[in-house]
Structure formats: structure tokens, C-alpha cells
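Below: one structure, written as C-alpha cells.
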Amino acid sequence: MSQLLHLKDKQKLSPADFLKIRSPLKQHVTSDKDLAQAFLHRLIMLDYRARYIPPVQDNEITENDSSDLNDFFDTSKDTDHTEKTRVDPMDVQMAVFHCSDSFLKQMMITKLSQCQYALPLLVPDPVTMEIECPLWTFKQITKTWKVTEIKDGSNIVTMKSVPVCKAKTPLVSFYRLGSLSVSKSQLMNTLINDRHNTFFHRNCPGSTKSRYLMDGVAEIAWYCPAGKPNDAFNDCIAFCNLHGDALSIEKQRDILIEKSSVNVFFLSSLKNEKIQAFVYPLLKSHKPLICLCVDDSYNIKKKNRKYTFGLKDRSQSDVSEELKQIIREVLSVDGSSLKPSFQLETMAELSGIRVDESDPACQKGKSAAMEIMDILSKDDVDVSKIKDEFLPYRGHLWHQWSKIHKELYHLKGNVEKENSQKQQELMNIRQKQCAASCSKLIQLFIESLKSLPKPNDKEYFLKWIQILMDDLSTDDLSAILKSYNEKWSEVLKKSDLLIKKQTELEEISRKLQSATFGLEHIFREMGQIYEAHRAIERESRQTHWSKYPELAAQLMISGHPMELMDGDAGHVPLTWISSLLEEVIKKLGDQRVFVLSVLGVQSSGKSTMLNTMFGLQFAVSAGRCTKGAFMQLLKVSEEMKKEKDLKFDYLLVVDTEGLRALELEGNTTRHHDNELATFVVGLGNLTLINIFGENPSEMQDILQIVVQAFMRMKKVKLSPSCVFVHQNVTDVAAAEKNMEGKRRLLEKLDEMTKLAAEEEDCDADCFSDVIEFDVQKDVKYCTQLWEGSPPMAPPNPGYSESIQEVKNTILSKASKSAGITLTQFKTNIRDLWSALLNENFVFSFKNTLEIAAYRKLESQYANWTWALRSNMLTIENQLHNRIENGSLEKVELSYLKKESKKTYETIENKMTTYFEEDNGKEMLAQWRGRFETKIREFHDEQVSMVKRKLDEVIQHKKARKKLDDKKKEFEDKLLQRSKELAQQLKDKADDEEELKKQFNCVWTDLVTEITADIKPVEDINLEKDQFIIIKELISEEDIIHECKKNDRYKKIAGVGDYSDYVKPPKIIYTVPDDSHTSRLSTYSLDSIKDKPVATRGYTSAYLQEAAKIVKEEVAKFQSESKCTLKNEFKVDLLLYVFYKAESWLLDSQEKFKMKHDALTYLESKKTQYYNVFRSFCKGNSSAVVLAELICEKLKASTVEAVCNKTAIGLAGEMRCNFPAFNENRLNLEKHVLKSLAENENFDDFITYIRNPRRQTEAFIKAEKYIFIDHRDKTVNILKKNVDDVNSLMSQALSTATQNVQSQGGDIKMWLKEFSSLLKDELTLHTISSQNFSDINDFEFLKEEIKKRLDSIIEQTSSLSLGKLKESRLKPDEILIDQLCKCCWVTCPFCAAVCTNTIEGHSPDDHSVPFHRLSGIKGWHKRGTVEFSVNFCTTNVASDGRFYPHHNSEKSVPYKLYRTAGPEYANWRIIPDESKLAYWKWFVCRFQNQLEGYYKYKFQGRGEIPSEWKKIPKDEAIKSLDEMC
């Protein structure tokens, strides 16, 4: 049979084979091999039609010729000889049973019981024929019924809920003797449920003539009364049915006869001798006996509780009623109650049969579980006190910890001190938890998990634990529930008793929670042991507790649900959950999961729906509703991945406690439901919202909660989808009714959206504004679960079909998602829970995954912009040389774009690849358009900037054309006269003094002649100009002289306290922020440095413009701040700006003079020309002289070219390989702070706090990084560039010589060729060929130049690195342009710098991962000298208030800080516990300096917490790693 059904013979089927996400069930099975799979899948989905799955026949019915009528009416011919023999449904069931392992058998029998089918009690092995009682398979079944008793003339109805193995009931067994025409099983069904085939019989659909696996099988079913007048029996009765002929099945028959309270035999007639011989001994037995004679037709005969009657000519209903009456009569003890005589678990005591529980693995698991139960029951402890006694960690201490932890987000008064105290309280609780020794129960539990290496052994152990725990608490739970019902009934009768009984009801409710005891509580205890020890002892792999996450991870992978949120404490144990998921990732890899969250009102059938849909084992009983939130992994089968193109490996289901849970009323408000809904909605890729029934008032509460949760997700840019499931709908098929239902639901959703929008301050008019929602596709209707009235009603097949449709919808939506990785899921849990701890979820939510993705994108952006910048620098350098060489007179924008097009397109392609192929592409999509625009703007800006620079070079070149012409004229004349004079002085070539004397005469005459009509560039008098300009603003000369004399102006940018500059009255409540001064001075200074002094010269107008800026800005500041500043402030500020600009102006003017003052220029070249003159005098040929002249001109050009190329290359090397420069803005910030801490220079810290950009630029410029720490790299880059320039010149020499020789050219052609080949890399000013026209040996010229070039290259190779600082392009300036073009807005509270790499990052708010204590910026308590030691992140979580400005009259709540003004509105400060030890160390290390600088004290409410003083410097620096 197993071969026929394609079942495994040797390897047993297990639940894992079926509890995977598989393809949806087909409506029809096409072959026998699919029968077993279809049976189990439908059974798991509670479809009782699982038994009726006949395979579709492939036979085609062919029409015969109409003339063959004789054949048509000939019944003797076998027309079905070609039809394949069908498999009986019960053979399918039993074949699956035999081929399953014990856990799948248990699941199968549990599902059969839920389907109200009879269960196999005695099963003969089809091979050995050994009889087995599968007692283990019954262990998860609990039967509930209502007993009706008559007391004092009235009916008393009592509810019982008992594990079926423990249930003591009468047993009525039915047997068939011989072969009969009447179906015994069919008649038995009428006794139990006449509308349902509890026992399969010959007239059931699919039944066949032959069955192979049912003979000898004894099935059992229970009748459970509902406590109603029409109950067939007033107490629970077990009915047993022995299949096959009882005459030949002796062993099973004898067992049942012995165990039964009543034996019922079906037989043909008592006249049959064989039957008589069997029955007569039973007539002498004391047990009641009923004989039903099929072939006889007499009425009931009764004697000594022995009954017989004939069935012939009687209707089945009459027989059924008479049989019921007899059974009631024989089992009646006192006329009402039934006498119990049977208990299922006693079957284990029988000899001669095998009980599946005797399996060694099962026994091993049981004995391990029993050891634990012995501890629990040893001292006869009250069940409601077990958890407190044996699980101390997860009890009061954990609840207290959770309460205090939540209080951290609602601080008042001295916030940081209170925060520090509460942190200490939390640590004290953890220490108390650690001090409570690990209970014997937990020790045994852990040891058992470790010592049972095989998965099956562990599974048995865990199941036994749960079974035995349920047994332990069942009676107590029943008693407590009964007590609650009685009290509630009293209240219902008299409403005025509600207040009086409220306390009693709450006490009973607490007892109910205490008496509920399951595996989840043990896992919760493990989690708390782990969290407590982790907090105190940190990580240690050698301790017992460090292994807990690994053990729990193994169980989660095997399919066990794990608690995500503790429902009792209302808290998420983040450390435990994170470690647990990390272990899962270690074992499975960082698999992708699709998270399905489920929400619904309590007792709305959520867990039942999930169990039906996926076979999950979430708790479903009314006494054991899901508390908190649980997560469970479901593997996606490979076939399903391919078929549906699913991109994830697991479905992760998050089930929650019911919203509006009764046990939470009274001590929890709607806030709990909002919190839970927001949490699971945020976690889920898809949220399933379960609504029970169609009552609008029932719907309203859950819809408002759900809509608000989705609205919050929209505001924090999470976008889950949703499906609504209406359960218990009366008529699912009525399309019109469903349309009306959907319309009403949508109306409700829109109504709730408007309400939620007001509460969440969001602009939304309808639900579809909040989430993508299609009411036609995303609303599903499920029929009621039961087909009839429980407890005997089977599940409704329509329910199974509805759930299958919901499942298909879920999978369809899931196929459009890539899901998330387990790491991302872990991060989401932390982010959501951290945000929920605050009152304002939206402002508090920190999407770590999004932040990480954005930081990574910033790093990529930095790479892309660097590639563009580097390329444009190279283009600029080449074109700059062309302009200087005179070969380029105009630069077109189109040409620059064409030159940079290739690099730009490469970057565009890299961007496209990154956005489309990165793992986080869904998250990156929101920024794609913005970053593409930013790159385009950056490229255009770089092109425009290069054009602007080159246009300026061209203008400069044109401006000095006259001077350049004069230079050329001078050189030509000087060379001519030098040549002529050399002829006269040939004999005196060795007389150096005479040569110099003669040369000086010529030189002086020529310089006088050439410069006669050129006005020299005058020296500048900055001091005089500055005085005149300041005097124009402030007429009081005494103030100017006094300010200049006392030197105070030099420190004005960091003075901190400006009170001395303010005119009375000084109404100042807080220290003014000197960032205004820093910003203003930088602004004014930049206005000067932007001027083209080096190319066009100095003019006092530049200083006047800076003075005008200072004047306007000071006036603006005074107007806004309502305070009047003394004139001394303006003077000091202007003197400071001029002081800072002075050296730059003088250097720039010197450069201008060098290039534009003819006399200065010529004097600088005198030595060079003297060497040429001397060479002529010594009789050197023109070729030698020209070689000297060329090399002299190339010397400076070579150094400049090498330095410029080295600057670009070195900047690139530093940008790519130096840790501080190779990522994003945040990474640079981290290294700046590290450098500050290492140097411990308070002034640098203050500069950083007041003007972070200046300190960052100073960090980049720091010579040690380029010239000390990375000297070798710098030297290597320089040498490589020297080699490149050398190769270029050598190649140019060879090419020019070769071209001139091949074309018969002259020296003029050679000079032109040579210059042209160098034009992009080197500057070579024009050399007149007229003085060298006699040169015709170009090979000799080439060699002469080469000889001298070697010397130049050698000198350049040994160039001092300091020379780099003098080059046109400087590595530090290139890096500053690249790294400092970002956001520099500082936090209005603590001066932390926004770390966004993009300068204009609107609409994104300013943000920083870690804020500081606001005292660092000078904040203090108004009217006192007490510093503020509160961190922004603590303040905005507190209930405190602040004054936005020093002159503010109204204070603002910290939680509403965004309303305090423009500088506050665009900052996103997340209220959390993220505080760097760095800044705590800083205030301790520089306490005195800070007090001296700001003139305030760390005292009173501003006292530094003692814990901060314990932080060492190395720990402070290490904490910076938390930034990124």
C-alpha cells in the first residue's frame, strides 16, 4: 500500500515534511501517488473532506454504435475491467499513519480529533501484526463538555475540560460477528452525531469493496454533551469500534471487552451456533451486553442488564433512539449521572500489546521531563505560586526592571542625574537577579536540552514538559475559571455589585495569570538569566548562561515559537532576542524572511487561523490565549520558490495576544494595544488583520488601533501591506452582501483615518492615503469555524477553503517582496521598540537599517564625486598649461563637458548598478532621484568652476600680454647683445669679474630701456587702509587705538562671554552663543579671500566690502536679539577679520607683483640670463646655449608640474586609503574627535565646538598626516610623477627631432614641435629662434638637452616635500574642497554637527547619531551659574522645558522642541539612550577649563554624575567607534 501511495518505507514522514510553505492544494488529485500528500495537507487545514479525495480517472467514455443495443443491455459483461482499482480512503489514512514518525502521527490524530473523526486506538502492524496502542498520539487532545446533574429538582450544568488521556468515562464498544448487510459504523454515527460520519462506513463517499489496512483496527470517539436538553447523553461517553469480524480478531476484541462498560455486538442471528458459542459466556458476565440481530425482527428483550433486539424491518433512527435509551439505562448510577469505568492512559498497563510511549526516545524525553515535574510537585506547591518560586528572574524583578526602564523616557527635574540614578537602579536589579541562584528547574531543563543531542529526543522532552505542565495546571485553571464565571454571573444579576466585586474579579484574574504555566515561561526565565548576567558579567563563552541563546535558536529553527514580547511585563527583552537571532543567523546564515504579522481582538480565532493555515502550534485554548507576541519560522519549499518566484527562504510569523484582552483591562489602557499594534505592524512585511464577525462596534476599536499604526509607519517611511480577514461570516458566497460589507469596512477605515490623522497630526482623508489598499483584493471573508454547535460539531469545510484563499493571497503579495534578512529583522525589532518606549513614536523612531543604508550611500556618493573632481582637476591642469603656453585662448563649456563625459557616464552607470543591484535597493529607491540630481549638479558645478578658473587664467594672461611682449622683446635683445658682447670678450672668458661687470652694464641699460613706459606695482600699506576703513564706521579714534593696543580682538571668535560688549541694561539669561561671531568673521574673511588679489592685485575696496558685511550683520544681530553692542565689538571684530586676512593678502600681493611688475620679474631672471651670456663667452655653440636656456625654463615648470600632479595623486591616495578621509562625513567627524582627545588641547576643543569646520580643516591640513605619517607614500607618488614627466620630455625630444629631420625643418620648426608636445603637461614660454638660426644638428641639440634634463630630474626627485605647499594645487586644499562641502549646521542645544555628507539635504532633517550634553555649548539653568549636564537625547524624552533664546519669555516643552523656532524645527533629535562616553570624559577632563571659559559651575543641578568620572580616556576614544 505504501508503494502504491509513493510513501517512504524506511524513512518515516515527519512534520517538517509538511510544515513548509508549499504550493496551494489542487482541487482534484490526478493520481494515487498524490493521495497521501493531499490527505495530510487537507487534514492540517482542518478540512474533514480530506478522506474524500478520489483520484480523477483518465478513462474516456466512448460512445458505442447505436446498433449494439444488445451489448448495452447485457449485464453479464464486465464493463469496468479497464478501470483502475481505487484506494479506500481509510487505507490512505492508515498508510500515512504507518509511514509517519510519532510527531506527525500525533499531529495527524490531533487534527482528526478536531475534525470530529474517530481515532485509532488499537492498530495491528501490517507486517508483524503486533498490536500497538498509539497512546502518545492522543497527548495533545483535550475534550470539553458540559455535565448535567439534577440537584434539588433543578438541572446543574458543569463544564469540564480534560486531556483525553486523563478523562474518566464509560466506554461503549461495538463489534461485528460474521459478515452483515448492515453497517455497524453508520449506526454508531447516529449515536454520536447523526450529521457527521465520525466513523467511516461502507456508504461513505469513496468507500471501496476491499480495504487492506482497517481490519483489526479499533477506533475510538467521544460523545461530548453541550449541557442542553436535547443532548443524547448527559455526560461524556467513549465509543469504540472494532473493524472487521470480531470472531477472528481475538486479541483486540478481548481487550475491548475487558475495558468496556458496555459491549454491543452486531450479529446475523443468535440462532447461529458459532455465534451462540461466543455470546453465551458473555451473558454470564456482570457487564451489560447488547446484541443487535440483523436478520431478526423481534422487540427488545432484557434480562440482568443484557439486551437483545432485532433490526429487521426497523428504521435506523428508531434503532438509534432505542440504543441510546438502553445505553443511558445500563450506565445510569442514580438515574442521572453515568458511571465512568474507562481511562485512556490505563491502556499502557495492558500486556500483550505495544504502547508507542514505550519507545526509548519517548521514554528518555519523558523521564527527563518527569525529573522536572518531580521538583514542581515535591512540596505540593500551589500552582499559582510555581512561577514565583521556580522562575525568580522573570517575575517581580523583571517587571520592576521593565517599569523603571520605561520611566527613563519620562524624566523630570534634574534629568541627567535622575537618568543616572535609574540606570543604577536597573543595574542593581540585574545584580539581584544574578544573586538569585539559577533554580533547580532551569538547571535540569538546560541540562536535559544539552544532554539530548538528537532532535527527536529534544522534541519528546519539550512535548512531555508541556503535557505534564498542562496536567499540573488544568484542575486549578478550571477551578479559577469557574470561580470567575460565578462571580461574573452574580454581577450580571445585580449591576450594583460591579464595584464591590471588581477587586475580587481582578484578584481571580491575577490568579488565572499566575496559574498559567508553560514552556514560554521557562524560555522567558532563560532570557532573563541571560540578560541579567550579560549586563553584569558582559560576554563570556565559558559560562552556562552564554549558551542559552544557542539552545533557544536550535528550537526556533526546529519550529518552536519564541516569545518576542513578554505579555506580562509588556516589554521586549532586546538583549535576549538579539542574541537569539544572532545564533539563528550563525546556524542558518543571514537568510531572507518574509514577516507576517497578525492582529486581532482577543478570542477572534487568530491562532486557530494560523494553525489551520500553516500548521503552527500557537496556543489556542480560551484559558491559554497568546500573551505578548511570539515569532515562528516556517521554511519555504524549493518547489514553492521556483513556482511563485519567491525571493525569501522563510516565512516568519508574528502572532500577538488579542487586542482588548480582558485580563489586561483595569491595569492597562488603550496605549498597550496601540503599542502592540504599532510594534507588529512595523515588523511585518504584511499584516493580517483578523476581525471576528461583522459587528460595527467590535470592528471600530481594532480599526482605529490598526489605522493609527499604519499611519505611524507612513510617517517613518515604512510601507507594510495589509489584508483584512472577516471570520465567522454567515454567508461567504453572497457577493452582494460581501460588496456591502466591503463598502462598510472602507467607510469605517476612512472614518478611523480622519480620527487617527488628528491624533497623529497627519494629513490624510482616507485609508488609501495612508497605505496602498484595494478593498476588492485585500479583504477576505471566512465562514464560521464550526459546522453546527460545539462541542460535537466538526469544522466547516468552507472555513478551510476560505483560509486557503487567504493563504494564497498572502503568498501572492509575498511574491512581490524580497522580504528582509534576519539581521534586518533583528535591527527592526530594536528600532521599533526603542521608539515605542517614547510617547511620540514618529519623532522617536530611528530606522537603523535606513540610516546604515544612507551612510553607505553617502560613502558611495563621496567616491563618485571624488572620481568626478579628480578627473576635472586633471583636465584643469592640462588646460591651464595650454593657456600658459599660449596655445589656448578660449575655453568652451561644451568642450569641458565633452572632456569629462566619459568619466561622468561611468559614474552614472555605477550609480544605476548600485541603486538597482544593491541588497538594500528597495530602501535606496527613496533617495535615487535626489542623488542622481546631486551628482548631475555636482558635475555641472565642477565644470562651471573649472571654466571660471580657466577664464580667469586667460584674463590674467591677456592682462599681462603687454608685459609678456616686453619680456620676449627683452629676452631677444639680451640674447642678441650677449652674443655680440661675447665675441668681444672671448679672451676674457675666464675673468668672472669682468664678465659680470660687462653683463651688468648691458643688463642695466636694457632693463631701463624696456621698463621705461611700465608703471611699477606699488607696495601696499594694510595698516593705513584698515585704520581709514574702521574710522569710516566708528569715528572715535581712541577706541580704535585702544582696541588695537590691548590685542583682545585676536581672541574674539572664541571668547564665549560677550557681556562686556553689551551696553546696559544687560538682560541676559543664558550665555550668548559666540557661533554668530565665528560665522560672521568667517563670512567676512571669505569675502576677502574670494578676491583675485594674486592675479589682479590688491585694492582697499576689498577691505571695505568686508567691513560693510560686518556692519550689516551686526545691525541685524542687534535687531533680532534686542540688545545693543558697544562700538568696541565692531572694532574688535573688524580688526580680527583684517588680522586673519593680513598674511594672505601680503602673500597674494607678492605673487601678483612677481608676475606683473616688470622690474621684479626681470630681477628674478638675472642669474638665468647671466649663465646664458657666460656660455656664449666661453665659445659654446648655439645648440649648447639653447639647451641651457630650454632646461632653465623647464626647471621651474617641471617642479610645478610634478607638484601639481603629486597634489592630485596624493589627495586621491589619502581620500581612498586614509581611514579618516575614505568614507562619509560621519567617519571624518569620528577621526577629528579622536585626534582632539589624543592631543588633549582645550583650545582646539573650543574651536571645534564653536567652529567645527575650521577645526576639521585644520585636521585635514595637519602636516603630520601627509608629510610625517605617510611620508613614504608621498615620496613614492612624487617619484612616479617625476618619472612620468621625464618620460614625457624624453619622448617629446625624440619625436620633435625625428619630425624635423624627416621634414628637413629648421630650429623654428623644432621649437614649435617640442612646445606642442609638452603643452598639456609643462609650461614652456616662447623662445625666439632668430638668435639660434645657425643650429642644424638637432641630434646634438637633443643630446645636450637630455644631459641637462637628467640633472633637473635628479633635483626634482630629491625635492623637499615642503615644496608641495607652494604649488598651485595643494593636496590639503583639494581634500578640504572634497570633504568639507557638506552640512555644517550645528544642534541648537549641544552644537553637535549635522553629519549629512550632502550640503543641501532638504527635505531630510539635520541629524547626528550621538548628541552631547548641552553645557558644552554653554547652556545653563536660567538665573543661576549651574551648567546643564543633560544630553539632548535625554531632554527630549523628559517632561522638562527650556527657553529657546536668552531673551525668550516663554519656555517650550522639550518634547515639542521643534516648535521653538527655525533653528530647532529642522533638527531630528531621537529620544534614546545613545550617549557617547567621549563627551562624559571630556567634561570631566576639562571641567576647570570649561568653568573658566563660560564662567559657570558644574554644581547643584549641574553636578557631574560620579559615574562619568570613572571613564578613562581610552574608553572614551573607543566609544567613538559606536558612531559608525
Side-chain angles (χ1 to χ4, degrees), residues 1019-1064 1066 1068 1071-1094 1096-1150 1152 1243 1246-1247 1250-1251 1253-1255 1257-1258 1384 1493:
D1019 290 332
I1020 58 174
N1021 188 337
L1022 286 176
E1023 192 170 350
K1024 179 184 173 185
D1025 290 346
Q1026 290 168 8
F1027 185 81
I1028 292 168
I1029 289 164
I1030 295 173
K1031 194 177 174 186
E1032 286 175 3
L1033 290 177
I1034 293 109
S1035 57
E1036 302 159 77
E1037 288 188 28
D1038 292 346
I1039 293 177
I1040 302 172
H1041 289 305
E1042 180 60 31
C1043 288
K1044 196 158 180 65
K1045 183 180 176 183
N1046 66 27
D1047 269 2
R1048 184 175 64 170
Y1049 67 87
K1050 292 180 181 178
K1051 297 178 181 177
I1052 193 171
V1055 74
D1057 184 359
Y1058 289 89
S1059 54
D1060 288 347
Y1061 285 117
V1062 180
K1063 287 183 179 179
K1066 300 177 183 179
I1068 301 177
V1071 174
D1073 188 349
D1074 61 13
S1075 62
H1076 291 95
T1077 310
S1078 181
R1079 180 183 59 79
L1080 180 53
S1081 61
T1082 304
Y1083 182 25
S1084 307
L1085 196 57
D1086 287 347
S1087 74
I1088 296 173
K1089 289 187 176 183
D1090 283 343
K1091 300 298 183 284
V1093 179
R1096 297 183 188 175
Y1098 163 83
T1099 167
S1100 62
Y1102 298 158
L1103 296 184
Q1104 284 174 331
E1105 187 179 330
K1108 185 183 176 186
I1109 290 170
V1110 169
K1111 181 182 176 183
E1112 290 173 353
E1113 289 294 320
V1114 168
K1116 183 181 175 184
F1117 174 77
Q1118 289 184 124
S1119 172
E1120 289 176 354
S1121 63
K1122 308 294 183 192
C1123 71
T1124 307
L1125 294 167
K1126 296 176 182 176
N1127 282 336
E1128 282 89 338
F1129 178 76
K1130 296 176 192 172
V1131 175
D1132 277 355
L1133 190 55
L1134 272 173
L1135 285 172
Y1136 174 75
V1137 172
F1138 294 157
Y1139 163 68
K1140 285 290 182 182
E1142 189 170 327
S1143 61
W1144 182 86
L1145 284 169
L1146 291 172
D1147 287 346
S1148 299
Q1149 182 65 11
E1150 191 60 36
F1152 174 78
D1243 290 338
I1246 287 297
T1247 303
R1250 295 297 173 187
N1251 192 336
R1253 179 165 187 165
R1254 186 193 302 166
Q1255 188 59 37
E1257 288 183 5
W1384 289 100
Y1493 182 78

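Numbering starts at 1 and runs along the sequence shown.
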Restricting to side-chain contact (heavy atoms from CB on, under 4.5 Å), what partner residues turn up for [X], sequence neighbours left out?
{"X": "N1127", "result": "I1034, E1036, I1039, K1130"}
{"X": "I1028", "result": "K1024, E1032"}
{"X": "D1243", "result": "N1241"}

Under a 4.5 Å cut-off applied to non-hydrogen side-chain atoms, are [X] and [Y] in contact?
{"X": "F1138", "Y": "D1025", "value": "no"}
{"X": "L1103", "Y": "L1134", "value": "no"}
{"X": "I1109", "Y": "V1137", "value": "no"}

Going by the rule salt bridge (charged side-chain N to carboxylate O under 4.0 Å, His left out), which residues pair with E1023 if we only count those two or more places apart in sequence or in a different chain? none
With sequence neighbours excluded, what pairs up with K1031 under the salt bridge (charged side-chain N to carboxylate O under 4.0 Å, His left out) test? E1037
Which distance, rounded to the nearest 0.5 Å, do you find between the [atom1] of [X] and the [atom2] of [Y]?
{"X": "I1020", "Y": "S1148", "atom1": "CD1", "atom2": "OG", "result": "9.0 Å"}
{"X": "L1022", "Y": "S1143", "atom1": "CG", "atom2": "OG", "result": "10.0 Å"}
{"X": "T1247", "Y": "E1257", "atom1": "OG1", "atom2": "CD", "result": "12.5 Å"}
{"X": "I1030", "Y": "L1135", "atom1": "CD1", "atom2": "CG", "result": "4.0 Å"}
{"X": "Y1102", "Y": "I1029", "atom1": "OH", "atom2": "CD1", "result": "12.5 Å"}

Check side chain to side chain donor-acceptor pair (under 3.5 Å) between Y1139 and all other residues, then give those that pass, not counting sequence neighbours. none
If you take all heavy atoms of H1041 and F1027, which pair is closest and at what distance? CE1-CE1, 3.6 Å
